[in-house]
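Not measured: the values here are computed from a predicted model.
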Amino acid sequence: MLNEKIYYDSLLPVKVSTVNIENYPMHYHDDMELIYVLEGNISVHTGCVSETLGAGDIAVINRRELHSLCRVSDDNMVMMLNIDGNYYNEYYSELLYSYFWVDMDRGSAEGIDVLQTLMASIMMELLQKGYRYEEKIIESVHNLIECLVTGFRLEISEEEGHSSARNYSNRLLSMRLKRMMEYIYENFTRKLTLNEIAENEGLSLYYMSHIIKESTGFNFQDILNYVRVEATEPMVLNTRKKMGAIAENVGFSAVRYFTKHFELWFGMHPLDYRKKYGGKTVHHRSAAEVTRAMPGRIEESIKRRRKQVYADYVGGYKLKPVIVNINSDYIGTGSTESIDILNDVFSRDVNRVLAAPLKRFIEMDENLIMSGYNYVVTTKQNPHSYLESLSIIVYNIDDKLEMLLKQVEGEEELLDIVESYDNNMEVLFKFKGFSGTYRVIRYQLDKEKIVRRIKDSISLKGTMDIRESLIAELMGKPAVTAGEYKSTENMSIVSSFEGIGVELILVDKAIEE
């Protein structure tokens with residue numbers, strides 16, 4: 001038995017491990033844990049319940065619930081999500097003393113689907129680590145907890161109408177064991193007896209003793225002494241208190257009992273422990289036999305299990321190919337909405353790198369003939385005459401990116417946004433009624449060059465020597481290409497992006513000699 005401490009990242013109040021399980025001995029946590037089986041089968045023992053979980057199953061390990069795991073099939077893969085109570089308990093007091101149970105046989109199918117989707121989304125966010133992924137994970141865990149609270153909280157006062165549900169009666173006993181653990185933690189510093197706990201639960205002393213031993217492999221006094229010894233560790237390591245005073249503080253009747261049980265659980269006398277580890281944080285790990293899963297295998301499993309979640313993350317939020325038909329025989333006056341949107345986004349000084357091509361485009365002051373969400377087509381001629389020139393600007397942005405660019409405050413934040421934006425886009429411009437030879441000049445800033453330009457803007461130019469400045473300038477230059485298209489009637493130009501980008505395309509009919 002071990003209270004396995006979970007150490008969380010300062011920016012992320014959750015911890016996720018995805019592993020192949022061989023054997024994970026009896027232990028517990030101060031925080032809730034969710035187990036999501038991605039592949040294979042495992043056996044989970046919690047309190048008075050032993051069950052086999054298969055691929056797609058979810059189990060909740062409640063706060064301070066003794067549990068163990070072991071393999072049923074060799075090729076298993078399990079996602080374990082620990083939730084930081086120091087963060088989430090402030091929002092949900094129910095987490096402290098509630099007992100949650102996901103009944104995969106009779107539980108709400110809709111609720112289970114929500115849990116599976118959220119667990120898969122959290123894993124994909126961790127694998128992809130996109131822009132502000134921490135905030136998205138925190139939000140997903142909020143939704144996960146809401147789902148548990150509303151649909152999967154077991155009450156001891158429930159009617160026997162559910163008694164036929166799998167393991168229902170044993171779940172109630174497991175809930176009693178969890179309450180026993182909470183009661184011990186709240187009262188271990190004083191004299192505490194099993195009879196007191198049995199009376200609180202309305203059970204006989206004999207029956208309470210039996211279910212504790214049967215479910216955990218320990219008796220009540222073992223568990224009480226462990227909790228007391230665990231509480232002494234900070235005092236042993238970080239104070240100069242004498243052993244007698246420490247023993248008295250946690251409820252041991254005599255120092256010899258304290259040293260006996262300390263040696264039992266920590267493997268040495270408390271004075272030797274102080275000498276060896278004094279002033280340090282000791283990370284206690286259970287003797288778990290697990291192997292971490294590789295990211296590629298995790299993604300493949302989520303792809304099989306939750307196809308839509310996988311599609312939403314891998315390949316990004318892909319825009320469908322955009323087809324723009326430009327007919328020289330019929331050109332209407334386009335709406336200014338698109339150029340207004342682009343101008344609104346890129347008029348902010350922080351977005352000046354992205355705005356440079358748009359600025360040049362607007363300075364031409366041409367006649368608007370066509371526009372879409374993120375492209376604009378103009379001409380220097382009367383749009384109702386035969387067209388011999390076109391100017392096109394197209395940005396790879398979507399509504400989410402548009403919102404971020406309207407809110408971004410500084411260039412470092414802008415850099416994070418640009419580097420994290422991986423959506424692909426392809427626009428096919430189809431020209432009908434354009435005969436002859438056309439010169440096409442294309443000016444494109446792709447994601448790599450935009451990132452370089454922003455980094456150069458952030459860097460202090462004074463710290464670069466002439467060579468470094470030249471390298472930075474060349475790497476940030478746009479790709480400019482020029483060519484001729486010969487067309488008898490129709491021609492096409494494809495503008496494609498991997499990640500954020502902008503392209504300015506100038507089409508002019510060549511003078512025939």
Side-chain angles (χ1 to χ4, degrees), residues 1-4 24-37 42-53 57-70 72 78 80-83 85 94-108 111-112 115 145 148-149 151-186 194 196-220 222-224 226-227 286:
M1 180 177 64
L2 174 69
N3 182 0
E4 192 173 76
Y24 212 133
M26 187 70 69
H27 65 288
Y28 64 99
H29 313 287
D30 288 332
D31 298 320
M32 179 191 296
E33 180 179 55
L34 275 81
I35 293 173
Y36 181 27
V37 181
I42 64 167
S43 175
V44 181
H45 181 82
T46 54
C48 299
V49 178
S50 291
E51 59 184 337
T52 298
L53 299 183
D57 288 349
I58 290 179
V60 179
I61 308 300
N62 293 277
R63 162 180 142 109
R64 291 175 178 162
E65 183 173 30
L66 286 160
H67 62 286
S68 62
L69 314 170
C70 67
V72 172
V78 180
M80 297 185 290
L81 171 69
N82 298 97
I83 299 173
E94 301 94 335
L95 293 184
L96 291 172
Y97 301 108
S98 293
Y99 188 90
F100 298 101
W101 173 32
V102 179
D103 185 349
M104 297 301 298
D105 290 339
R106 297 170 59 94
S108 161
I112 290 171
L115 293 179
I145 293 171
L148 288 174
V149 170
F152 298 95
R153 184 164 49 171
L154 186 63
E155 302 289 349
I156 202 167
S157 59
E158 291 183 10
E159 298 296 327
E160 289 300 312
H162 291 287
S163 60
S164 60
R166 181 183 69 176
N167 290 328
Y168 177 74
S169 59
N170 284 341
R171 286 287 173 186
L172 294 181
L173 290 177
S174 294
M175 184 165 60
R176 292 181 185 275
L177 287 174
K178 178 188 179 306
R179 285 213 301 252
M180 177 200 74
M181 290 294 292
E182 298 290 356
Y183 195 82
I184 289 174
Y185 267 91
E186 291 171 0
L194 179 59
E196 179 181 336
I197 292 175
E199 288 180 356
N200 286 339
E201 292 295 329
L203 300 174
S204 72
L205 178 63
Y206 170 79
Y207 186 55
M208 192 74 195
S209 175
H210 172 73
I211 63 172
I212 292 172
K213 184 68 175 180
E214 184 72 18
S215 302
T216 69
F218 301 96
N219 61 40
F220 168 75
D222 289 334
I223 296 173
L224 174 60
Y226 172 77
V227 171
S286 62

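E33 contributes atom CD, which lies 14.5 Å from atom OH of Y28 (distance to the nearest 0.5 angstrom). Atom CG in L2 sits 10.5 Å away from atom CG in L66 (nearest 0.5 Å). Rounding to the nearest 0.5 Å places CD of E201 at 8.5 Å from CE of M175. To the nearest 0.5 Å, the span separating CG on L115 from OG on S108 amounts to 9.0 Å. F218 CZ to L224 CG: the interatomic distance, rounded to the nearest 0.5 Å, is 14.0 Å. In this structure, OG1 in T216 is found 4.0 Å from CD1 in I223, a value given to the nearest 0.5 Å.
Across L95, V60, I83, a single residue satisfies side chain to side chain contact (heavy atoms under 4.5 Å, CB included) together with L148, and that is V60.
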For this session: Decide yes or no on side chain to side chain contact (heavy atoms under 4.5 Å, CB included) for L177 and E65, but give the supporting numbers first.
Result: CA-CA 8 Å; L177 287 174; E65 183 173 30; over 6 Å; no
For this session: Decide yes or no on side chain to side chain contact (heavy atoms under 4.5 Å, CB included) for I112 and I58, but give the supporting numbers first.
Result: CA-CA 8 Å; I112 290 171; I58 290 179; 5.6 Å; no
For this session: Could you walk me through whether E182 and R63 pass side chain to side chain contact (heavy atoms under 4.5 Å, CB included), step by step?
Result: CA-CA 9 Å; E182 298 290 356; R63 162 180 142 109; 2.8 Å; yes
For this session: Walk me through it: do L69 and M80 pass the test side chain to side chain contact (heavy atoms under 4.5 Å, CB included)?
Result: CA-CA 11 Å; L69 314 170; M80 297 185 290; 4.0 Å; yes
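Residues D31 and G85 come closest through the heavy atom pair OD1-N, 3.1 Å. Of all heavy-atom pairs spanning A59 and L53, the tightest one is CB-CD1, 3.6 Å. Contact record, S98 with N62: O-OD1, 3.7 Å, taken as the closest heavy-atom pair. Taking each heavy atom of F220 and M180 in turn, the nearest pair found is CD1-SD, 4.4 Å. Scanning both residues, L173 and C48, for their nearest heavy atoms gives CB-SG, 3.5 Å.
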Distance-only donor-acceptor pairs under 3.5 Å for side chains of residues 204-215, two or more places apart:
{"unit_1": "S204", "atom_1": "OG", "unit_2": "Y207", "atom_2": "N", "d": "3.0"}
{"unit_1": "K213", "atom_1": "NZ", "unit_2": "G217", "atom_2": "O", "d": "3.4"}
{"unit_1": "S215", "atom_1": "OG", "unit_2": "I211", "atom_2": "O", "d": "2.7"}

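With contacts defined as side-chain heavy-atom distances shorter than 4.5 Å, the pair V149/F100 qualifies. The shortest distance between side-chain heavy atoms of L194 and N219 does not fall below 4.5 Å.
For the residue pair H67 and H45, no side-chain donor N or O sits within less than 3.5 Å of a side-chain acceptor on the partner. One side chain, R171 or Y99, offers a donor N or O that lies under 3.5 Å from an acceptor on the other. The closest side-chain donor-acceptor pair between E4 and Y24 falls under 3.5 angstrom.
A salt bridge links R64 with D30: the closest approach of a Lys/Arg side-chain nitrogen to an acidic carboxylate oxygen falls below 4.0 angstrom.
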